Structure formats: C-alpha cells, structure tokens
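Everything below concerns the one structure shown next.
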Amino acid sequence: MDTNTNTTDTNNINDKVRVRIAPSPSGNLHIGTARTALFNYLFAKKTGGEYVLRIEDTDLDRSSETFKQNIFDSLKALGLNWDEGPDVGGKYGPYKQSERFDIYPKFAQMLIDKGYAYECFCSNEDLDKEHEIALQKKIPYKYSRKCLNLTKEQKDELKAKGIKPSIRFKVESKELVFNDLVKGELKFDTSLIGDFAIMKSNGTPTYNFAVVIDDMLMKITHVIRGEDHISNTPKQILIYEALGAPIPKFGHLGMILAPDRSKLSKRHGATAVSDFIKQGYLTEALLNFVALLGWAPSDGVEIKNVDEIAADFRINEISSSNSIFEYEKLNWMNGQYINKMDISKLTDLAIPFIDMYDLKKYSRPQLEHIIEVTREPITLLAQLENDVKYFFIEPNYTESPEILEILKNENSKKVLEKFLNEVKDYDFGNHEQIHDKLGDLRSYFKETLGLKPKETMWAIRTALTGRTKGADMVATIEILGKDEVIKRLNQALKV
RNA sequence: GCCCCCAUCGUCUAGAGGCCUAGGACAACACCCUUUCACGGUGUAGACAGCGAUUCGAAUUCGCUUGGGGGUACCA
C-alpha cells in the first residue's frame, strides 16, 4: 500500500456556508431525512449560510413525481424552506439531477482524459460472476480491472458490436483521512475500494459521481448527511481530488433506529413525515423532537422552536451515535405543543380530524371553544375524534355497563331531577353562574344525601355525555346549550 | 467474510481526568392538588457493557473483548 497520506482540510474559510439536502424521490419524505434536512437548515441558519434543495432522481425507474411532491410538501409543512431548489430556482440550477444529465459526461470524459477513469465493457453477467467468485473464495469483492488496459482497437471493436461502456474511476491505493464534523478523524485504506462506476452504460451518472459534480458546481461547503454515507465519502473525496476541486467538509449523523434497533422502516409504522401529520402530530413538535435526537440544548430546556434551536446549535456537539425513535416523548411533546398553540390555528388543524361530524352545528367561536376544552389531555389530534364526539352526537347510554349503572342509581336520578329542574333557569351566557350553581348542587347533595362531589358530578357528566371522562363540566354545559342539556337529561332519566 | 461507525437509566441525553454519592427530560410508580377527566406539583425507582492499561485519581484517555448499527452495486 502506498503510504501517501492525504488529509483534507477546510476549503476557504471565508466562503459563505452552503449546505444542501438531497433527497431521492423514491419514497415519501422519511423522518430521518427530515432530521438531516433540519440539521442542515440549522447549520445554515446559525452560520448565516444558504440551504439548497436538490432532487436526486438519477434512478429514473425508482423516482416518481408523487414522491417528489410529497418531499416538497413535507419540507414546507415543517417550515424547512430552501433558498435554492427546483421550484424556486437559483444561480446553480437546475436542481434536479435528471435535468442535469448533459453535465456529467463532460466531467467523466475529463477524468478519462486525465487518466483518472476508464471505460469498462463488462456486462452485468461478467460482474455478477466476479461477485460470485469473491463470495466463494470469501475474499472482499473488488472489480478485477479487466477493462483497465484495453487498447483503443479493442474498445473500438467492442463499441462496434454495440456494447456501451460504463466509466470506472481508477482508485489508487493510499491512506485517506478526513476530519468529520461530528465524528472526528476518519481513516480509510483506499486499496480496499475497487474501481467503482461513475457513469452507467446508459449514459447516466451513478450516485457518487452525480453528488460530487453537483456539490462542486453548486459550491456546497458542508455536506451534512446520515452516517450510511460514510463509506461513500472516501470515493467522493477521490473524485474531488481528481477533479482538482475544493473538498467540502463532511459531517455524518447517527441514524434513527426503530425500537427493535433495526432501521426505521414501514413495518414499524409511520416513517414518512406526511404519515405523522396524518396521525395528528404537529410539525413543530415533530421538528423539536427530532432535533433532540442527537442534539441537546445547552440550557436544558427541551421545548424550543427552530429559531431558538438554531441560535443554540453547534454541529460539533451533535451526538455521533444512533438513536432510537420512541413515541412516548414525541407524544408528550406533541401534547405540549397542542396546548400551547393558538386556538384558532389549532382549530384549523383539528377540523380535518373531526369533520366526520356535522361541524355546522356550531359557530366558529363555539368550535374553537370545543377544541379549547378538549385539547388538554390529548397528545394527538386524532384523539379529538373521540373526545369531541358527544358535542355532536347524542350519548348512547347502553354502550357501557358502567354508565348504565351510574344512571340507574337512585341518588343519580335525584341529582338529575334537581339539576333538570334548575337548569331551566340558568343563564347560559354566564359561566360564573353555572359554575356556582353546580357548586350549590354539590353542597346540597352532600348535605342531604351524603354524596361526594365526585358522585354528583358523575351523574351529570354521564347524563350529558355518556362518558365518565371528558372536558370541563361547566364548559360542556355551556357549549351544549340549554335545549340540548334538557333533552339529554330527560333521556338519561328514562334509563 | 471484509471495511467503517457507535456504546451513560427502558428511551432521548448532560458529562470533554478530580465539581459525579453521575444531572435533566419522556415513560413507570407513589403522594399532593382538584368539580369528574385531565393539567400541574412533589417525590421514588432506574445507567457509566466487560476486562485490562495510563494516572495520586477515569464515565471521561488508550487497547482488547462483547454488543448494536452502517457499508460492501452500472440503488441512492
């Protein structure tokens, strides 16, 4: 092995920071990709840099317009807006690799001319065979370099036969070292890397090549991505070197794992940001939660918005280990955000989760009131469907034996009769009055029947809502309105 | 197989040789508050993977082992 050591150092420190997020539209925006996007975004914000979105759709078969749209929508929903990208444009476009296909061959040719790359005529079958042999011999696979020294005549002959070559990068043996932003010094022995393809025989670039060319042309200064890319990094650095281009700084983030410690995938439930949103997670909570996977606030305050996180963000303090995605804390955090959120905004978000009910039954202020009084215990907007139900649909007392038992109780009936009798004179616009009257009722039954306050309230609650749990009683009474309250009391009394 | 990364409570983490009898958050449990349900408050339990080395002193440095993750394509 050649002992030539190469340490890649910072490119010009005076350059403005430019980072990018480069998703491949072969699936909806993954929560892990969202976190990578977040960290790039935070780094750009913190350093006053620029953040670009590039769509890596070189694999046309696996890429789709629907996924691309999902990625756009999800990123926007999260508020991770890009300074340059396919839709907004920018100085270094186009920002979709499929629209850049004419760019890559020139650079590939340049590398061939300079002796850094060569044409390879091996078929997939040839390559498969090499793989198999390596497997049998139990030695690590490396391309055989069969095509490295083909003469011009041989190449012409193969081309005449209609064989389209791929282009391989010639990997020289040396020790390659780079300083990772989050992991520190990383060393590789390039003699272990075989000559890898940079252009496919169909004329499109491979991932490793397209990334380098684009990052170079787009003047990306810092590449922050998942650690599943660590092993690509030496290959990419080799290409930068061959191109004579400045090498960006690399930072590799630990992965997000499922609770079973395997890669977070669909079988674990939601993985796409859009799935989480559909379940009733707030994008603010999602972002905050995912930021805490690997990053910790210096003041210990975990609930923070993106701007606050950005101000406190230091890339080199990110944890380099993987983290497991557990729902408990996300749920808790989501509940925090639900309860902090502006009620009008929250109502807008809540409507899609409760639109199976006749929402026209209530005015907008009443609807907001309903959300206001039901938001407290929930951690997911989807829970609203159940928690809000009795405001729209009359209770079915026979659904639960527990409810029936309460309503059939003699004391309960007395409570309901007295309440029914008095509620007719309640001023439903007067919250305080209802509150006080209920207090009087509790006192009365405590004195006369020895009922616990709880028992008095339960009778009323079950009659009005068919539940033993729910929103604040005074508010529930107010929202239901006098007619409805009387109607439900009469029905409950018949049980 | 080979290469690489990682390793503190169940989970997310603080911790950059003495401040650590290891701190916080979620979850759990207990109690308190209370007008039901909840919110909230207080408290309890709970971790430095193992072994060596360096050092007066190690969660913190080094090595090995073990465990987990990633990569090993004309996928990205």
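Please read these numbers as outputs of a predicted model, since none were measured by experiment. Protein chains get the first letters and strands the later ones, always in sequence-line order, with residue 1 at the start of each. All heavy atoms count here, side chains included; hydrogens, waters and symmetry mates do not.
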For nucleotides 19-21 of chain B, give me every protein contact, N/O to N/O, under 3.5 Å, one pair per line with atom names.
none

Identify the pairs formed between an N or O of the protein and an N or O of nucleotides 62-66 of chain B at a distance under 3.5 Å, and give each distance.
none

Atom pairs, protein N/O to nucleotides 11-17 of chain B N/O, distance under 3.5 Å:
residue : atom : partner   : partner atom : Å
rU11(B) : OP1  : Arg261(A) : NH2          : 3.0
rC12(B) : OP1  : Ile324(A) : N            : 2.9
rC12(B) : O2'  : Leu292(A) : O            : 2.6
rU13(B) : OP1  : Gly294(A) : N            : 2.6

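For residues 461-470 of chain A, no pair satisfies salt bridge (Lys or Arg N to Asp or Glu O under 4.0 Å), with sequence neighbours left out. Pairs passing the salt bridge (Lys or Arg N to Asp or Glu O under 4.0 Å) check and including a residue from residues 310-339 of chain A, sequence neighbours excluded, read Glu302(A)-Lys329(A), Asp312(A)-Arg314(A), Arg314(A)-Glu317(A). Residue pairs meeting the salt bridge (Lys or Arg N to Asp or Glu O under 4.0 Å) criterion with at least one member in residues 116-140 of chain A, sequence neighbours excluded, are Glu119(A)-Lys159(A).
Regarding the sugar-base torsion, rC39(B) falls in the syn class, its angle being within 90° of 0.
Across all strands shown, rG1(B) pairs with rU72(B); the Watson-Crick or G-U wobble distances both stay below 3.5 Å. Across the strands present, rG43(B) finds its partner in rC29(B); the criterion is a Watson-Crick or G-U wobble pair with both atom distances under 3.5 angstrom. When both pairing distances are held under 3.5 Å, rU55(B) makes no Watson-Crick or G-U pair with any nucleotide shown.
Proximity of residues 374-383 of chain A to RNA chain B (heavy atom under 4.0 angstrom from any strand atom) is restricted to Glu376(A), Pro377(A).
Judged by distance alone, with hydrogens and angles left aside, Thr206(A) brings no side-chain donor or acceptor close enough to the base of rC74(B) to form a pair under 3.5 Å. Under 3.5 Å, the side chain of Asn232(A) and the base of rA76(B) form at least one donor-acceptor pair of N or O atoms.
Taking the salt bridge (charged side-chain N to carboxylate O under 4.0 Å, His left out) definition, one finds that Lys304(A) meets it with Asp299(A), sequence neighbours left out. Take Arg100(A) and apply the salt bridge (charged side-chain N to carboxylate O under 4.0 Å, His left out) test, not counting sequence neighbours, and it matches Asp214(A). Judged as a salt bridge (charged side-chain N to carboxylate O under 4.0 Å, His left out), and not counting sequence neighbours, the contacts of Glu372(A) are Arg375(A). With sequence neighbours excluded, no residue forms a ring pair (Phe, Tyr, Trp, His ring centres under 6.0 Å) with Phe391(A). Scanning for salt bridge (charged side-chain N to carboxylate O under 4.0 Å, His left out) contacts around Lys142(A) gives an empty result, with sequence neighbours left out.
Residue Lys263(A) has a polar side-chain atom (N or O) positioned under 4.0 Å from OP1 or OP2 of rG71(B).
Of the candidate nucleotides rC5(B), rC75(B), rA25(B), rA25(B) has the atom lying nearest to any side-chain atom of Trp332(A).
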